[in-house]
Amino acid sequence: MAYFPMFVDMTERECLIVGGGNVAYRKVIVMLDFGAKVTVVAEDICDELRKLTIDDIASEDKKGSYTANKENNQTDPDAANKENNQPDSDAADRITIIKRRFDRKDCDGMEMVIAATDDNALNHEIAEYCKANGIMVNAVDQKADCSFIFPSYIKEKNLVAAFSSGGNSPVLTQYLKGKEQEILTPFLGELNEYMGQIREKVIAQYDTQAERKRVFKEILCAAIDNGRIPEI
Ligand SMILES: C[C@@]1(CC(=O)O)C2=NC(=C\c3[nH]c(c(CCC(=O)O)c3CC(=O)O)Cc3[nH]c(c(CC(=O)O)c3CCC(=O)O)/C=C3\N/C(=C\2)[C@@H](CCC(=O)O)[C@]3(C)CC(=O)O)/[C@H]1CCC(=O)O
Ligand SMILES: NC(=O)c1ccc[n+]([C@@H]2O[C@H](COP(=O)([O-])OP(=O)(O)OC[C@H]3O[C@@H](n4cnc5c(N)ncnc54)[C@H](O)[C@@H]3O)[C@@H](O)[C@H]2O)c1
């Protein structure tokens, strides 16, 4: 059965990541990028995690996309990308790193737990504990232990496209992400911000939903045709 793509408000939600390797680092970046409060518990903390900066968060979700004939075509995160997709400046303050062995009590009070250790049995045990206690859990690369799985996604400010293969093929979702990057550009991210800013005003100004839809479409199409965000 396909997985339902639910878009969740993660702002200030408590999220625990168990493990401090490369895979944990990737998950930390994602959670911070979406506004969560992140606690990492691990015996060893990798360098990337210890030296994490705001720029890492802005550039990481540009990576890992594939194009048709060229595998491993990682887009180099350039300065423009970082500027356009800068997360809020408090991201680095939303992470706490605890260097020690995992304890079940670490899960208490958490809304989401990601088991990202290199010990499959431990990841399974963490998942079981979380499920029994009503905590959303992801055990990396262990679909059967997950109550949710991670998508491959593109994010330009509030505009997000996410892909899942239901666990069948992460490289297929990365391929889709690569294709979508040609369409979901930083410009559309900016345009979406503009559409959000005028939304209330347009809704208040036009009586019927049909009229509002027409106006929204006209504004959107004009901006896309002109390649320019209108002035407020
Ligand atoms: C999207 C992404 C998010 C993320 O991880 O952040 C993600 N995997 C990514 C990459 C990736 N993962 C793997 C490869 C190697 C190639 C390959 O195996 O295909 C690559 C490619 C690479 O490394 O570049 C290995 C792998 N992954 C899983 C298994 C277990 C299994 O298949 O049984 C194995 C085999 C391990 C082994 O061989 O032993 C399972 C899961 N991986 C998922 C997500 C969930 C399903 C998502 C979906 O529905 O598509 C799910 C079910 C659970 C979860 O982890 O949430 C991220 C791309 C981010 C991006 O770049 O945008
Ligand atoms: N690195 C990859 O790209 C990749 C790709 C596919 C699958 N995986 C799988 O994902 C998992 C994690 O990969 P990784 O590369 O991040 O591993 P890693 O070896 O770099 O990191 C494992 C982390 O788990 C921590 N850990 C282990 N037992 C612990 C405990 N009891 N308490 C606290 N911390 C504990 C370690 O201290 C370390 O920080 C592995 O199962 C790996 O097979 C990794």
To the nearest 0.5 Å, what is the distance between [atom1] on [X] and [atom2] on [Y]?
| X | Y | atom1 | atom2 | answer |
| --- | --- | --- | --- | --- |
| K37 | R94 | NZ | CZ | 10.0 Å |
| L159 | M195 | CG | CE | 11.5 Å |
| K155 | D33 | NZ | CG | 4.0 Å |
| E48 | N22 | CD | CG | 5.0 Å |
| I154 | K179 | CD1 | NZ | 12.0 Å |
| R26 | I29 | CZ | CD1 | 11.5 Å |

Please report the shortest heavy-atom distance between [X] and [Y], naming the atom on each side.
| X | Y | value |
| --- | --- | --- |
| A127 | D145 | CB-O, 3.3 Å |
| R101 | V41 | O-CG1, 4.0 Å |
| M110 | V113 | CB-CG2, 3.9 Å |
| C130 | C107 | SG-SG, 4.0 Å |
| N123 | A116 | OD1-N, 3.9 Å |
| K99 | E43 | NZ-O, 3.1 Å |

Item to check | Residues E111 and R13 bridged, charged N to O under 4.0 Å | outcome: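 R13 and E111: salt-bridged.
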Is it the case that the side chain of [X] and the backbone of [Y] share a donor-acceptor pair, with hydrogens and angles ignored and the cut-off at 3.5 Å?
| X | Y | value |
| --- | --- | --- |
| N138 | C146 | no |
| D103 | K105 | yes |
| S147 | V137 | yes |
| K143 | G166 | yes |

Are the side chains of [Y] and [X] in contact, using a 4.5 Å heavy-atom criterion?
| X | Y | result |
| --- | --- | --- |
| M6 | F148 | no |
| I126 | L122 | yes |
| F187 | E156 | no |
| D47 | Y25 | no |

Item to check | Q209 atom CD, over 12 foreign heavy atoms within 6.0 Å | outcome: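 Open: at most 12 neighbouring heavy atoms sit under 6.0 Å from CD of Q209.
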Checklist entry - Would you find more than 12 non-hydrogen atoms of other residues, nucleotides or ligands less than 6.0 Å from E12 atom CD? => result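 More than 12 heavy atoms, drawn from other residues, nucleotides or ligands, come within 6.0 Å of this atom.
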When you group the ILVMFWY residues by side-chain heavy-atom contacts below 4.5 Å and let the links chain together, are [Y] and [X] in the same group?
| X | Y | answer |
| --- | --- | --- |
| V23 | I98 | no |
| V28 | M136 | yes |
| M31 | I149 | no |
| L16 | V8 | no |
| L176 | I183 | no |

Item to check | Worked verdict on T117 versus D119 for side-chain hydrogen bond (donor to acceptor under 3.5 Å, both in side chains) | outcome: CA-CA 5 Å; T117 76; D119 180 343; 5.4 Å; no
Next on the checklist: Walk me through whether D108 and Y129 qualify under side-chain hydrogen bond (donor to acceptor under 3.5 Å, both in side chains).
Outcome noted: CA-CA 10 Å; D108 297 346; Y129 180 79; 2.9 Å; yes
Item to check | cation_pi(K27, F150) dist<6.0 Å, angle<=45 | outcome: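 Yes, a cation-pi geometry.
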Checklist entry - Do F34 and Y153 have their ring centres less than 6.0 Å from each other? => result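 Centroid separation for F34 and Y153: below 6.0 Å.
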